[in-house]
Amino acid sequence: MGKLIQLILALVVLSVSVITVAANKKHCKKRMAKLKKCFEKGYQPAIFPDCKAGSKAIKKRKTKKCAEIEAKVFENQKCGQFQCESKTNGWTPIFNTTSPRVALFNISEFKVKFTENKRTDKFLYLSVNVNIYDVEGNETGHTNLNLYATKKGDKTIFTGFKRFYIAGPLNDCSRYMTLNYLTDFNFEMTTSVSQSEMFQFTLPNGAVYTEDMMECAYFSDWKEVLKEGVEAAVKLETLIPDLEEYYSTEYMVV
Ligand SMILES: *[C@@H]1O[C@H](CO)[C@@H](O)[C@H](O)[C@H]1NC(C)=O
Ligand SMILES: *[C@@H]1O[C@H](CO)[C@@H](O)[C@H](O)[C@H]1NC(C)=O
Ligand SMILES: *[C@@H]1O[C@H](CO)[C@@H](O)[C@H](O)[C@H]1NC(C)=O
């Protein structure tokens with residue numbers, strides 16, 4: 001008799017949890033659709049900065065409601081990544097600064113597009129970071145790619161370091177790189193924060209080259225940082241004052 005009651009209880013619990021998962025999925029879809037409507041009606045995004053908002057003015061009361069929906073879509077990471085119409089066609093110019101924070105999902109990729117303006121004729125240096133923030137808004141780690149370029153004869157030689165840092169002592173990983181496949185500053189660099197193949201370079205002809213962090217002893221610790229991570233930002237930094245004369249940089253989060 002006791003066994004039978006246990007079995008019935010177990011079945012009830014199981015079916016309730018199945019229903020809950022299905023309801024959550026339905027909720028996600030509904031909320032995302034509502035948020036899209038909000039943007040169309042002129043709601044200015046607070047959390048998803050690249051989303052395009054309609055030009056009409058939106059009422060104060062509606063703004064509050066939309067902000068609540070946006071926060072819910074952001075908080076419920078189980079919903080998956082929210083896709084919206086982009087206001088910048090994806091790319092936003094960035095120079096020596098940190099981007100606004102965006103929602104971090106385990107599939108997030110942070111792209112930086114380089115466009116050459118002038119041939120390299122001296123030592124050039126740029127650091128590209130992706131900072132990870134926890135729910136309290138504290139930085140808990142970051143990826144870091146240092147990109148060096150120098151002139152050698154009539155060629156540009158690319159080298160650098162690929163790294164990630166975890167907040168706290170002795171938890172970083174750093175490797176020197178020779179980037180023989182780069183010949184000028186026309187390429188896209190992708191940081192895939194959750195992948196061991198963390199950095200990729202895509203050339204204009206579509207060829208992709210990967211710089212991985214496979215050998216890094218702390219990679220499992222890095223995964224823990226990402227589990228706690230809710231937001232991220234791209235940070236570009238240089239001490240070369242006229243770097244923009246040599247190349248422009250834009251970023252995009254996908
Ligand atoms: C996100 O990460 C979890 C756990 O690591 C994994 O099970 C899930 O498939 C990932 N989602 C995507 C969309 O990659
Ligand atoms: C996060 O930052 C706040 C200050 O902004 C600090 O008081 C708090 O201790 C930090 N939390 C952790 C876990 O380090
Ligand atoms: C970039 O910003 C840093 C401070 O964050 C500053 O020290 C440096 O001079 C700036 N570089 C350029 C090229 O403006």
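We count ligands from 1, going down the list as the structure has it; atoms in each ligand are counted the same way.
W222 places no side-chain N or O within 3.5 Å of a backbone atom of S196 that could act as its donor or acceptor partner.
Regarding atom 12 (C) of ligand 3, its nearest protein heavy-atom neighbour is N96 ND2, 3.3 Å. The protein heavy atom nearest to atom 9 (O) of ligand 3 is L239 CD2, 4.1 Å.
Checking F123, Y209, F185 one by one against F158, the ring pair (Phe, Tyr, Trp, His ring centres under 6.0 Å) holds for a single residue, F185. When each of Y125, F199, Y176 is paired with F161, the ring pair (Phe, Tyr, Trp, His ring centres under 6.0 Å) condition holds for Y176 and for no other.
Classification of the F201-F187 ring pair by plane angle, with boundaries at 30° and 60°, yields perpendicular.
Here atom 13 (C) of ligand 3 lies nearest to I240 when heavy atoms of T98, I240, L243 are compared.
Residue E237 approaches ligand 3 through these ligand atoms, each under 4.0 Å from one of its heavy atoms: 5 (O).
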